[in-house]
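Structure first, commentary second.
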Protein chains: 2
Amino acid sequence: MISDTKKTQAQAITEEIRALILNGTFHPGEPLRQEALSEQLGVSRTPLRHALQSLAEDGLVEMIGFKGARIPLIDQAMTRDLFEMRLLLEPLALRSAFGHHTKLDFAKAEMALDAAEGEQKPSRLSELNWEFHHALYAPSNRPTLLNTIQQLNKASALAEVIATSIVARPEKSAAEHRGLLQACRNGNEDDAVAALSEHLRLAHHDMQNGTK
Amino acid sequence: MISDTKKTQAQAITEEIRALILNGTFHPGEPLRQEALSEQLGVSRTPLRHALQSLAEDGLVEMIGFKGARIPLIDQAMTRDLFEMRLLLEPLALRSAFGHHTKLDFAKAEMALDAAEGEQKPSRLSELNWEFHHALYAPSNRPTLLNTIQQLNKASALAEVIATSIVARPEKSAAEHRGLLQACRNGNEDDAVAALSEHLRLAHHDMQNGTK
DNA sequence: AAAATCAGTATTGGATACAATTATGATATC
DNA sequence: GATATCATAATTGTATCCAATACTGATTTT
């Protein structure tokens with residue numbers, strides 16, 4: 001074994017619960033009981049609580065005092081804020097990455113797009129969506145900026161799933177992604193940023209219409 | 001008692017530890033041992049771990065798999081990202097709040113400035129600093145946006161303390177704050193945004209010079 | 001009848017004991 | 001002498017038990 005990074009149980013079930021949420025097992029407003037969830041996942045309540053706290057950071061659950069955790073109710077104001085912030089921060093990341101992209105970066109981005117082609121599972125689609133964007137932003141070498149952007153993306157994911165837009169407009173999203181990637185490969189920075197901005201605007205717009 | 005919101009122990013000691021960190025009890029790179037900290041604060045390790053996780057969200061500590069928590073090493077790249085993001089997001093919040101400010105909002109902001117006048121404790125100065133900015137942004141009624149901005153402010157706080165700029169330039173910062181507040185009271189949006197942006201730029205600049 | 005009160009129950013937060021992982025240092029090996 | 005290996009200790013993560021809080025529904029009170 002080359003790299004054996006031990007993963008803690010809490011981290012592992014965090015991803016499991018994230019998938020459960022994004023795949024629609026739980027609905028907005030629904031409470032998450034610790035005992036039920038922990039025995040369902042086969043762990044004790046201790047790591048579960050850590051997992052819930054992690055998910056709360058990303059806005060996928062809400063934790064209230066002694067009252068427990070629940071899936072948050074997403075409203076238009078929240079999604080508007082999320083996309084407006086992404087619209088400010090992601091172009092900065094893309095611009096910072098420009099000139100540092102390697103063939104490998106583009107290949108990673110393309111792999112994510114290919115993998116998303118036939119995918120149905122919302123949780124997996126969200127992962128691949130981030131993989132694509134991350135591949136284009138990572139060469140900026142600005143981990144703090146990327147970290148915030150990733151948080152916003154994770155929070156957006158729940159909103160997108162609820163609006164069912166992530167599964168309802170896969171071909172549109174794919175086309176936008178391909179166009180963005182092509183602009184990056186061409187080395188046309190302004191075109192790429194324009195494509196990215198338009199992509200975010202369209203995603204937000206289609207969410208509000210609620211293709212559900 | 002009008003409002004009796006029960007606070008969990010974890011939340012309480014989160015603030016205590018935050019103060020310890022910002023007041024320089026721990027230094028960058030220094031590890032935080034769970035048993036030592038928990039007995040020092042008079043609680044068990046269970047709520048302490050929750051507190052550490054909360055602080056990790058705000059970037060005040062780093063938690064690494066089975067290896068423990070430590071105060072992160074702040075570098076120039078990180079502070080640059082933090083301030084560049086704030087420079088994009090905070091003007092948006094201020095503009096959104098414009099036209100919704102009440103006398104009470106301005107009073108709150110002024111109280112924070114007055115309280116900061118003779119204050120020495122870095123942790124308290126950070127709190128008051130945020131109270132001031134929050135008072136001016138809150139009328140925007142955009143909790144999601146404000147939440148992200150607050151996170152960035154908390155992360156900046158550690159960087160500022162380490163650079164000692166938060167205690168080294170109190171009079172400069174105070175003057176900038178007063179100017180910003182006056183522009184808001186005058187209802188001059190562009191002036192206010194300009195003052196805010198300049199304030200952030202100066203804070204960042206003085207940090208890099210390292211008045212330490 | 002509506003509202004307040006007060007059991008009892010359900011659920012979360014915290015303390016303690018235990019298991020898993022990592023760090024340390026001495027010994028062996030080349 | 002440097003490096004590898006193994007046992008030991010130090011530290012973190014997890015399970016379980018207990019305490020504190022919130023919820024529920026019936027009863028009382030106005």
Side-chain angles (χ1 to χ4, degrees), chain A residues 1-21 25-73, chain B residues 1-21 25-73:
Chain A
M1 232 189 247
I2 307 290
S3 154
D4 85 17
T5 309
K6 287 292 171 191
K7 216 199 273 187
T8 181
Q9 284 194 37
Q11 293 170 330
I13 65 173
T14 297
E15 295 312 312
E16 287 190 46
I17 301 173
R18 181 195 309 281
L20 287 177
I21 294 174
T25 307
F26 307 111
H27 301 81
E30 183 173 346
L32 302 180
R33 301 290 170 214
Q34 294 179 2
E35 191 171 349
L37 250 184
S38 63
E39 78 178 28
Q40 176 178 344
L41 297 173
V43 298
S44 90
R45 275 179 47 211
T46 308
L48 176 75
R49 269 156 52 68
H50 285 285
L52 288 178
Q53 196 175 340
S54 292
L55 293 169
E57 300 169 30
D58 296 334
L60 273 88
V61 305
E62 270 178 357
M63 295 194 74
I64 315 150
F66 284 82
K67 291 180 158 189
R70 64 176 198 179
I71 309 292
L73 304 157
Chain B
M1 232 190 245
I2 306 291
S3 153
D4 88 18
T5 309
K6 288 292 171 189
K7 215 199 273 185
T8 181
Q9 284 195 37
Q11 293 171 329
I13 65 173
T14 297
E15 294 313 311
E16 287 191 46
I17 301 174
R18 180 194 310 281
L20 288 176
I21 293 174
T25 306
F26 307 112
H27 301 81
E30 184 173 345
L32 302 180
R33 301 291 169 211
Q34 295 179 1
E35 192 171 349
L37 249 184
S38 62
E39 77 178 28
Q40 176 178 342
L41 296 173
V43 298
S44 89
R45 275 178 46 212
T46 309
L48 176 75
R49 274 156 103 337
H50 285 283
L52 288 178
Q53 196 175 340
S54 292
L55 293 168
E57 299 171 29
D58 296 335
L60 273 87
V61 305
E62 271 179 356
M63 295 192 74
I64 315 149
F66 288 97
K67 289 183 158 189
R70 63 177 199 179
I71 309 292
L73 303 158

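The sequence lines fix the lettering, A, B, ..., with proteins before strands; numbering per chain opens at 1. If you're wondering where the values come from, they're calculated on a predicted model, not measured in any experiment.
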Closest approach to the side chain of [X], judged atom by atom: which nucleotide of [options] is it?
{"X": "Gln34(B)", "options": "dG13(D), dT14(D), dA22(D)", "value": "dG13(D)"}
{"X": "Lys67(A)", "options": "dT22(C), dA15(C), dC23(D)", "value": "dC23(D)"}
{"X": "Ser44(A)", "options": "dG14(C), dT14(D), dT21(D)", "value": "dT14(D)"}
{"X": "Arg33(A)", "options": "dA15(C), dT11(C), dT12(D)", "value": "dT11(C)"}
{"X": "Val43(A)", "options": "dA15(C), dA15(D), dA22(D)", "value": "dA15(D)"}
{"X": "Thr8(A)", "options": "dG13(D), dG14(C), dT16(D)", "value": "dG13(D)"}
{"X": "Ala10(B)", "options": "dT21(C), dG14(C), dT21(D)", "value": "dG14(C)"}

Grab the [atom1]-[atom2] distance between [X] and [N] for me, whole Å please.
{"X": "Gln53(B)", "N": "dG14(C)", "atom1": "CD", "atom2": "P", "answer": "13 Å"}
{"X": "Leu52(B)", "N": "dT11(D)", "atom1": "CG", "atom2": "P", "answer": "15 Å"}
{"X": "Phe66(A)", "N": "dT12(C)", "atom1": "CZ", "atom2": "C1'", "answer": "7 Å"}
{"X": "Ile64(B)", "N": "dT21(C)", "atom1": "CD1", "atom2": "P", "answer": "18 Å"}
{"X": "Arg70(A)", "N": "dC23(D)", "atom1": "CZ", "atom2": "P", "answer": "11 Å"}
{"X": "His50(A)", "N": "dT12(C)", "atom1": "NE2", "atom2": "P", "answer": "16 Å"}
{"X": "Glu30(B)", "N": "dT11(D)", "atom1": "CD", "atom2": "P", "answer": "14 Å"}
{"X": "Glu39(A)", "N": "dT11(C)", "atom1": "CD", "atom2": "P", "answer": "11 Å"}

Quiz item: How would you label the contact of Leu32(A) with the nucleic acid (heavy atoms, under 4.0 Å): base, sugar-phosphate, or nothing?
Solution: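 Sugar-phosphate: the residue Leu32(A), judged by heavy atoms under 4.0 Å, touches backbone atoms but no base.
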
Looking at every heavy atom in both [X] and [Y], which two are closest together, and how far apart are they?
{"X": "Pro28(B)", "Y": "Pro72(B)", "answer": "CB-O, 3.7 Å"}
{"X": "Phe26(A)", "Y": "Leu37(A)", "answer": "CZ-CD2, 4.2 Å"}
{"X": "Leu48(A)", "Y": "Gln34(A)", "answer": "CD2-O, 3.0 Å"}
{"X": "Val61(B)", "Y": "Leu52(B)", "answer": "CG2-O, 3.5 Å"}
{"X": "Ala69(A)", "Y": "Met63(A)", "answer": "CB-CG, 4.0 Å"}

At less than 4.0 Å, is any side-chain N or O atom of [X] found next to OP1 or OP2 of [N]? Yes or no.
{"X": "Arg49(A)", "N": "dT12(C)", "value": "no"}
{"X": "Thr46(B)", "N": "dG14(C)", "value": "no"}
{"X": "Gln9(B)", "N": "dA15(C)", "value": "yes"}

Quiz item: Can a donor-acceptor pair under 3.5 Å be found between the side-chain atoms of Arg45(B) and the base atoms of dG13(D)?
Solution: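 Under the 3.5 Å cut-off, the side chain and the base do form a donor-acceptor pair.
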
